[in-house]
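For the numbers below, each heavy atom of this structure counts, side chains included, while hydrogens, waters and symmetry mates do not. Per chain, numbering begins at 1; letters A, B, ... match sequence-line order.
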2 protein chains.
Amino acid sequence: MSMASRTNSGTPASNDRLWDSVVGNDLSFRLARANALSLAGVHAALAEYDLRVRSYSVLAIAAEGSRPSQRELSEFLRLDPSQIVALVDDLESRGLVRREPDPQDRRANVLVATDGGRELFRAARAASRRAEQEFLAPLGALGAPLDAALRMLAGAPDAD
Amino acid sequence: MSMASRTNSGTPASNDRLWDSVVGNDLSFRLARANALSLAGVHAALAEYDLRVRSYSVLAIAAEGSRPSQRELSEFLRLDPSQIVALVDDLESRGLVRREPDPQDRRANVLVATDGGRELFRAARAASRRAEQEFLAPLGALGAPLDAALRMLAGAPDAD
DNA sequence: TATTGTTATACTCTATAACTATA
DNA sequence: TATAGTTATAGAGTATAACAATA
């Protein structure tokens, strides 16, 4: 049965009996494991640019000119406002983004990428996409339904 | 936790423009966000039993009689051996699992659940499954392809 | 009075290196 | 020499409370 060829290169065959357990058949567990593997690939790709997944996300949104407030970033990325402060501090100290005062609300900052930030983002985005596509390659036609399912589970607005 | 608005009617509409970005359209990001929401639900369900997702996973595998070594758990759960030590220490101190010497390799321990451990596992499994099903409910027919896709991405052995 | 950004703190998670006893 | 388990430690991620400036 499970002696067939595996997508799991390098792992001892003895683990098959662990996969055949409640945990191994748990969708939450597979989701967590897939996410860990995905993160590892993207993280390795971004390391070359001294970016982590979280700082890349902040830089990406700023680089696209969305002009988000830190509060909006906090909600969207599911990070505490205090974590956004640390992320923006780091990116700003590296000259990749700027805090600009929001003319409509002087309490709020609006995040803008510098030219250097946009340039770094473009390179990092290419590397990130290569890693993602390599990770998703074995999926084949399952890619589309996975995308639709994750869109729902992640709470994204309805697709057009 | 409850900010995963289905139709996004509760969240400020301004976030829609963040979803419409490179990050929001990134499958890795959606995977991470879906995983975070899934984990939050399971975590809340397991908290009643003083279990975390990790300790639940170890307890579950032990309770099913797989008699795993700590090394096998380390590979399967993608945790460092030293983390397994801490998890097993905790479960053993609570009388839920026992370390038994492996007669074939005196370096290795084999993990066995106690009667109390099996009992707690059954209750925790029921709660965990309720949380998972609630989380997956909106998927409908997308559940099956999601399961197949995650099985591949997680590196599970081929289905029978 | 409520909200934005900030500081501070603590706790969990993750990663690594070194040690021991066995193989 | 290599492996299973253990100990120790440091860094990253997460959660919370309190505060100043502004709404």
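- When the nucleotides C:dT7, D:dA4, D:dA12 are ranked by their closest atom to the side chain of B:Ala108, D:dA4 comes out on top.
- Residue order along DNA chain C, read from the 5' end via each residue's closest nucleotide, puts B:Gln83 first among B:Arg106 and B:Gln83.
- Here CG of B:Leu87 is found 9.0 Å from CG of B:Leu73. Values are rounded to the nearest 0.5 Å.
- Between the P atom of C:dT3 and the CD atom of A:Glu72 lies a distance of 15 Å, rounded to the nearest Å.
- A salt bridge does not link B:Asp20 with B:Arg17: none of the charged nitrogens is closer than 4.0 Å to a carboxylate oxygen.
- Residue contacts shown for A:Asp105 are limited to sugar-phosphate atoms, with no base heavy atom under 4.0 Å away.
- B:Leu46 and B:Leu79 end up in the same hydrophobic cluster when Ile, Leu, Val, Met, Phe, Trp and Tyr side chains are linked at under 4.5 Å.
- Atom pair A:Asp102:CG and C:dG5:P shows a separation of 9 Å (rounding to whole Å applied).
- Following rounding to the nearest Å, A:Asp90 (CG) and D:dA12 (C1') show an atom-to-atom distance of 13 Å.
- Proximity of A:Arg54 to the phosphate of D:dT14: a side-chain N or O atom is located under 4.0 Å from OP1 or OP2.
- Contacts of B:Arg71 with the nucleic acid, taken as non-hydrogen atoms under 4.0 Å apart, include base atoms.
- Side-chain to base pairing of A:Ser69 with C:dT4: no donor and acceptor N or O lie closer than 3.5 Å to each other.
- Between the P atom of C:dT3 and the CD atom of A:Gln104 lies a distance of 19 Å, rounded to the nearest Å.
- Note: NE2 (A:His43) to P (D:dG11) measures 15 Å, nearest angstrom.
- Contact annotation: A:Arg78 side-chain N/O to D:dA15 OP1/OP2 distance is not under 4.0 Å.
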request  = Run the numbers on A:Arg125 and A:Arg129 for side-chain contact (heavy atoms from CB on, under 4.5 Å), then give the verdict.
outcome  = CA-CA 6 Å; A:Arg125 179 182 55 185; A:Arg129 281 182 169 163; 3.8 Å; yes

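- The A:Ser82 side chain lies nearest to C:dA8 when the options are C:dG5, D:dT7, C:dA8.
- Between B:Arg118 and B:Glu64, no side-chain nitrogen of the basic residue sits less than 4.0 Å from a carboxylate oxygen of the acidic one, so the salt-bridge criterion is not met.
- Nucleotide C:dT4 holds its P atom 19 Å from the CD atom of A:Glu100, rounded to whole Å.
- For the pair B:Arg52 CZ and C:dC13 P, the interatomic distance rounds to 5 Å; values are reported in whole Å.
- Heavy-atom nearest nucleotides on DNA chain D were determined for B:Pro81 and for A:Pro103, and the one closer to the 5' end corresponds to B:Pro81.
- If you check every strand for non-hydrogen atoms under 4.0 Å, B:Asn109 touches sugar and phosphate atoms only.
- Of the candidate nucleotides C:dA8, C:dG5, C:dT22, C:dT22 has the atom nearest to the side chain of B:Arg107.
- Between B:Leu39 atom CG and C:dC13 atom P there is a gap of 10 Å when expressed in whole angstrom units.
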